[in-house]
Each structure stands twice: as structure tokens, then as C-alpha cells.
Visitor: 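Sharing a structure with you now.
For clarity, every value in this text was computed on a predicted model and none was experimentally measured.
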Amino acid sequence: MEKKQELYRGKAKSVFATDDPNRLIMLFRDDTSAFDGQKIEQLARKGKTNNKFNYFIMKKLEAAGVPTQIEEMLNDNEIVVKKLDMVPVECVVRNVTAGSICRRLGVEQGMDLKVPTFEFFLKNDALHDPMVNDSHIIAFGWGTQEQIDEMKALSLKINDVLKKMFDDAGFILVDYKLEFGLFNGKLVLGDEFSPDGCRLWDKVTRESFDKDRFRKDLGNVIEGYEEVARRIGCPLD
Ligand code: TMP
């Protein structure tokens with residue numbers, strides 16, 4: 001497969017066209033961003049770690065019946081993916097309170113939720129990803145009711161699979177963000193699942209092993225990601 005021009009450069013990944021109009025190459029860079037791009041640093045081994053972590057998780061999800069965009073791993077930092085028409089919203093599932101829900105609702109961090117919450121956020125850094133609901137998505141034409149229902153159902157199914165997998169590895173899956181897109185009219189999980197887009201706490205110490213280490217300047221960011229990979233059995237080499 002021939003790699004062609006860069007189509008899109010995100011904060012941590014780049015996307016390239018290929019000679020196949022239905023396939024893209026996704027490059028995981030070492031760039032790490034937080035606070036909607038206000039804080040950006042390069043962390044050694046980050047791109048490779050997240051590429052391999054994402055591949056491992058996506059394979060698990062596919063085995064559980066979740067359609068994903070992944071095709072084949074090209075090298076340490078690159079993967080071939082289906083070209084999706086992305087729905088411009090982020091789907092956030094929470095099992096335990098942390099981050100923005102604490103600020104928005106004035107609740108303390110670390111509360112177990114009776115059932116997982118599901119929230120949509122508009123993908124827009126300049127507006128700091130404002131929360132939106134079903135009616136916004138339909139009214140602005142970002143998606144249909146059917147697609148909304150499917151994004152919710154798939155996000156919660158993913159929760160069942162990943163909560164158990166991380167629990168078995170000694171972690172609490174606190175929350176995570178997913179993005180979906182359409183491939184031949186069918187909803188498919190896109191973007192990535194890595195410690196960049198979720199919160200993972202050690203079950204015993206409640207220490208963070210995710211991007212909060214970067215956001216809060218706790219140090220050993222990639223060492224934390226590598227420890228998660230090791231405990232879930234995800235090969236990094
Ligand atoms: P939040 O607490 O900032 O709303 O984030 C909830 C989870 O979703 C957290 O694990 C981080 C992830 N997330 C992203 O990765 N990117 C985003 O743009 C947003 C809004 C959340």
C-alpha cells in the first residue's frame with residue numbers, strides 16, 4: 001500500500017491518504033496534548049506505545065462484536081484503517097466521577113456511579129468541546145437518532161468488555177472517550193483507545209496511570225502507559 005499526502009494533522013496523530021480510496025494510514029506521533037491543545041509536549045515512545053495499545057484494545061473489541069476501523073499494523077507508529085466519515089462528537093462514558101463532571105456538577109472525585117453515565121461533547125477545541133445532547137446532534141445534522149442510539153449502545157457494550165479487562169489487570173476504568181464514523185453507511189468505532197483518552201486508576205492505590213499524569217505534571221507518563229500495557233498483556237515490542 002502506497003502512502004500519499006497528509007490529509008489531516010491532529011494534536012497527537014496524523015492521517016495520510018493511500019492509493020486505496022477506502023483506506024488511510026494513521027500515524028501516532030510522540031506529541032502529547034492536554035487542555036484542548038494548550039499544553040503540548042513530546043514524550044519518547046508515546047506514539048509507538050499508543051499505536052500498539054490501540055491495536056490490542058481494538059482487536060479485543062472486534063472479538064466482542066464491536067465494528068472498528070482497524071485493518072493492519074504497518075510498523076511501530078503506523079496502522080492502516082478504514083476511511084470513515086466521522087461523526088463530529090465525542091462519546092464519554094463514566095463509571096466513577098473525575099474531571100469535568102466534578103467541575104460541572106460540583107461533585108467530589110472518586111464517587112462510584114450507580115450506572116455508567118453517557119455524555120456527548122462537540123469536537124471543537126476553540127469552544128473547549130462543549131457538551132451537547134441528542135437534539136443538537138439531530139438539529140445540526142451531525143447524526144441521526146438511529147446513529148445516536150447505536151453510539152450509546154456500542155459505547156456501553158465497550159464498557160462491559162473493557163471494565164472487566166482492566167479490573168482483571170488491577171485497574172478501575174474511571175472514564176473514557178470514543179469517536180465513531182460511518183463506513184459504507186455503517187457505524188464503526190474510529191480514532192483510538194489508549195491511556196490518552198481514558199482514566200485508569202490502580203484499584204488499590206487509586207494512582208493514575210493515564211494522561212492525568214501529563215495534565216497534572218505527575219511525571220513517568222509513558223512509564224504509566226507501559227505498566228498498563230504490561231498488566232493487560234499488550235505486547236509493546
Ligand atoms: P472529561 O472529564 O475532561 O470530560 O473527560 C472524560 C474522559 O474523556 C477522560 O478520560 C478524557 C477523555 N476525553 C478526551 O480524551 N478528549 C476530550 O476531548 C474529552 C472531552 C474527553
Visitor: Could you state the interatomic distance from CD1 (I222) to CG (N50), rounded to the nearest 0.5 Å?
Guide: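 That separation rounds to 6.5 Å.
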
Visitor: So, do L122 and H136 sit near enough that their side-chain heavy atoms are less than 4.5 Å apart?
Guide: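 They are not in side-chain contact.
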
Visitor: So, do V132 and F140 sit near enough that their side-chain heavy atoms are less than 4.5 Å apart?
Guide: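 Not touching, per the 4.5 Å side-chain cut-off.
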
Visitor: Between D175 and R199, is there a donor-acceptor pair closer than 3.5 Å when you use the side chain of the first and the backbone of the second?
Guide: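 At least one qualifying donor-acceptor pair exists.
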
Visitor: Decide whether S100 and R104 meet the rule of one side-chain donor and one side-chain acceptor closer than 3.5 Å.
Guide: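 Side chains of S100 and R104: pair found under 3.5 Å.
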
Visitor: Give a yes or no answer on whether the side chain of N77 reaches the backbone of D30 with a donor-acceptor pair at less than 3.5 Å.
Guide: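 Checked: no pair found.
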
Visitor: Would you check if the side chain of N95 reaches a backbone N or O of L173 as a donor-acceptor pair within less than 3.5 Å?
Guide: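 Judged by distance alone, yes, a pair lies under 3.5 Å.
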
Visitor: Show, in sequence, the C-alpha distance, side-chain angles and deciding distance for E227 and D202, and conclude whether the side chain to side chain contact (heavy atoms under 4.5 Å, CB included) test is met.
Guide: CA-CA 11 Å; E227 174 62 9; D202 182 277; over 6 Å; no

Visitor: Working to the nearest 0.5 angstrom, can you tell me the gap between R215 CZ and S208 OG?
Guide: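 Answer rounded to 0.5 Å: 9.5 Å.
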
Visitor: Could you tell me whether the side chain of D237 reaches within less than 4.5 Å of the side chain of K48, counting heavy atoms only?
Guide: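 In contact.
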
Visitor: Mind checking whether F180 and V89 have side chains closer than 4.5 Å, heavy atoms only?
Guide: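 Not touching, per the 4.5 Å side-chain cut-off.
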
Visitor: Any chain of hydrophobic side-chain contacts (each under 4.5 Å) joining I138 to F118?
Guide: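 Yes; tracing contacts between hydrophobic side chains, which count when under 4.5 Å, links both residues.
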
Visitor: For the side chain of R29 and the backbone of K11, is there at least one donor-acceptor N/O pair under 3.5 Å apart?
Guide: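 The answer is yes, because a donor-acceptor pair under 3.5 Å joins these two groups.
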
Visitor: For a 4.5 angstrom cut-off between non-hydrogen side-chain atoms, does K163 reach V93?
Guide: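 No, too far: nothing below the 4.5 Å cut-off.
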
Visitor: In this structure, would I172 and M165 fall into the same cluster of hydrophobic residues linked by side-chain contacts under 4.5 Å?
Guide: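 Shared cluster, no.
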
Visitor: Shortest non-hydrogen contact from A229 to F53?
Guide: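 What the structure gives for the nearest pair is N-CE1, 4.0 Å.
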
Visitor: Is it the case that one hydrophobic cluster holds both L162 and F56, taking links as side-chain heavy atoms less than 4.5 Å apart, direct or via other members?
Guide: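 Same cluster.
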
Visitor: Quick check for you: to the nearest 0.5 Å, what is the distance between L74 atom CG and M26 atom CE?
Guide: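 The CE atom of M26 is 11.0 Å from CG of L74, to the nearest 0.5 Å.
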
Visitor: Roughly how far apart are I25 CD1 and E71 CD, rounded to 0.5 Å?
Guide: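 It is 11.5 Å, given to the nearest 0.5 Å.
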
Visitor: May I ask you to decide whether D168 forms a salt bridge with K164, counting only side-chain N to carboxylate O separations under 4.0 Å?
Guide: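 A salt bridge is present here (some side-chain N lies under 4.0 Å from a carboxylate O).
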
Visitor: Can F120 and K152 be said to form a side chain to side chain contact (heavy atoms under 4.5 Å, CB included), step by step?
Guide: CA-CA 9 Å; F120 283 121; K152 287 183 186 173; 4.0 Å; yes

Visitor: Is there a donor-acceptor pair closer than 3.5 Å between any side-chain N or O of D129 and the backbone N or O of N124?
Guide: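 Side chain of D129 to backbone of N124: a pair is present.
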
Visitor: Test side chain to side chain contact (heavy atoms under 4.5 Å, CB included) on Q69 and L24 and set out the steps.
Guide: CA-CA 10 Å; Q69 71 174 157; L24 300 172; 6.0 Å; no

Visitor: Are W142 and I148 connected in the hydrophobic side-chain network, where two residues link if heavy atoms are under 4.5 Å apart?
Guide: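 Same cluster.
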
Visitor: Looking at every non-hydrogen atom in both residues, tell me the closest pair between M151 and C91 and how far apart they are.
Guide: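 Smallest heavy-atom distance, with atoms named: SD-SG, 4.0 Å.
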
Visitor: What closest approach, in Å, do L113 and T117 show between heavy atoms, and which atom pair accounts for it?
Guide: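 Heavy atoms of L113 and T117 come nearest at CD1-CG2, 4.0 Å.
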
Visitor: Using every non-hydrogen atom in the two residues, find where K186 and P67 come nearest and quote the distance to one decimal.
Guide: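 Smallest interatomic distance, heavy atoms only, reads NZ-CB, 3.5 Å.
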
Visitor: Would you say the ring centers of F209 and F171 fall short of 6.0 Å from each other?
Guide: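 Ring centres of F171 and F209 closer than 6.0 Å.
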
Visitor: Any donor and acceptor pair, going by atom type alone, linking the side chain of T97 with main-chain N or O of G110 inside 3.5 Å?
Guide: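 Side chain of T97 to backbone of G110, a donor-acceptor pair under 3.5 Å: yes, one is there.
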
Visitor: So if you build clusters from Ile, Leu, Val, Met, Phe, Trp, Tyr with side-chain heavy-atom gaps below 4.5 Å, do V15 and V81 land together?
Guide: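 Hydrophobic grouping puts V15 with V81.
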
Visitor: Does E2 offer a backbone N or O that forms a donor-acceptor pair with the side chain of D19 under 3.5 Å?
Guide: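 Yes: the side chain of D19 pairs with the backbone of E2.
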
Visitor: Grab the two heavy atoms, one from S14 and one from E6, that are nearest each other, plus how far apart they are.
Guide: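 Looks like OG-OE2, 2.8 Å.
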
Visitor: Kindly check if the number of other-residue, nucleotide or ligand heavy atoms within 6.0 Å of CD (E108) is above 12?
Guide: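 Counting neighbours around CD of E108, 12 or fewer heavy atoms of other residues, nucleotides or ligands fall under 6.0 Å, so no.
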
Visitor: For the pair Y176 (side chain) and N159 (backbone), establish whether a donor and an acceptor sit closer than 3.5 Å, ignoring hydrogens and angles.
Guide: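 Checked: pair present.
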
Visitor: Taking L189's backbone N and O only, do any of them form a donor-acceptor pair with T68's side chain (distance below 3.5 Å, no angle check)?
Guide: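 Checking the backbone N and O of L189 against the side chain of T68, no donor-acceptor pair under 3.5 Å is found.
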
Visitor: Heavy atoms, side chains only, cut-off 4.5 Å: are L236 and T49 in contact?
Guide: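 With C-beta onward as the side chain, the pair touches.
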
Visitor: Please tell me if the side chains of F121 and H128 come closer than 4.5 Å, counting only heavy atoms from C-beta onward.
Guide: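 No, too far: nothing below the 4.5 Å cut-off.
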
Visitor: Just verifying a value: how many Å separate D125 CG and F35 CZ, rounded to the nearest 0.5 Å?
Guide: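 The distance works out to 13.0 Å.
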
Visitor: When you compare the side chain of L187 with that of V87, does any pair of heavy atoms fall below 4.5 Å?
Guide: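 With C-beta onward as the side chain, the pair touches.
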
Visitor: So, taking the atom named NZ in K13 and the one named CZ in F28, what distance separates them when rounded to the nearest 0.5 Å?
Guide: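 If we round to the nearest 0.5 Å, K13:NZ and F28:CZ are 5.5 Å apart.
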
Visitor: Considering non-hydrogen atoms only, spot the tightest contact between I101 and A98 and give its length.
Guide: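 Smallest interatomic distance, heavy atoms only, reads CG2-O, 3.5 Å.
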
Visitor: Looking at N75, is its backbone amide N or carbonyl O close enough to the side chain of E78 to form a donor-acceptor pair, meaning the two atoms are under 3.5 Å apart?
Guide: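 The answer is no, because no donor-acceptor pair under 3.5 Å joins these two groups.
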
Visitor: What I want to find out is whether R213 reaches E223 closely enough, with some N-O distance under 4.0 Å, to be called a salt bridge.
Guide: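 Salt bridge flag = no for E223 with R213.
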
Visitor: Is it true that the NZ or CZ of K46 lies under 6.0 Å from the centre of Y225's six-membered ring and within 45 degrees of the ring axis?
Guide: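 No, cation not above the ring by the 6.0 Å, 45° rule.
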
Visitor: We want to know whether D196 and S194 form a side-chain donor-acceptor pair, criterion being a heavy-atom distance below 3.5 angstrom.
Guide: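 Short answer, no.
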
Visitor: Does atom NZ of K82 have more than 12 heavy-atom neighbours from other groups under 6.0 Å away?
Guide: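 Yes, enclosed.
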
Visitor: Could you walk me through whether E207 and L218 pass the side chain to side chain contact (heavy atoms under 4.5 Å, CB included) test, one step at a time?
Guide: CA-CA 10 Å; E207 188 187 352; L218 299 177; over 6 Å; no

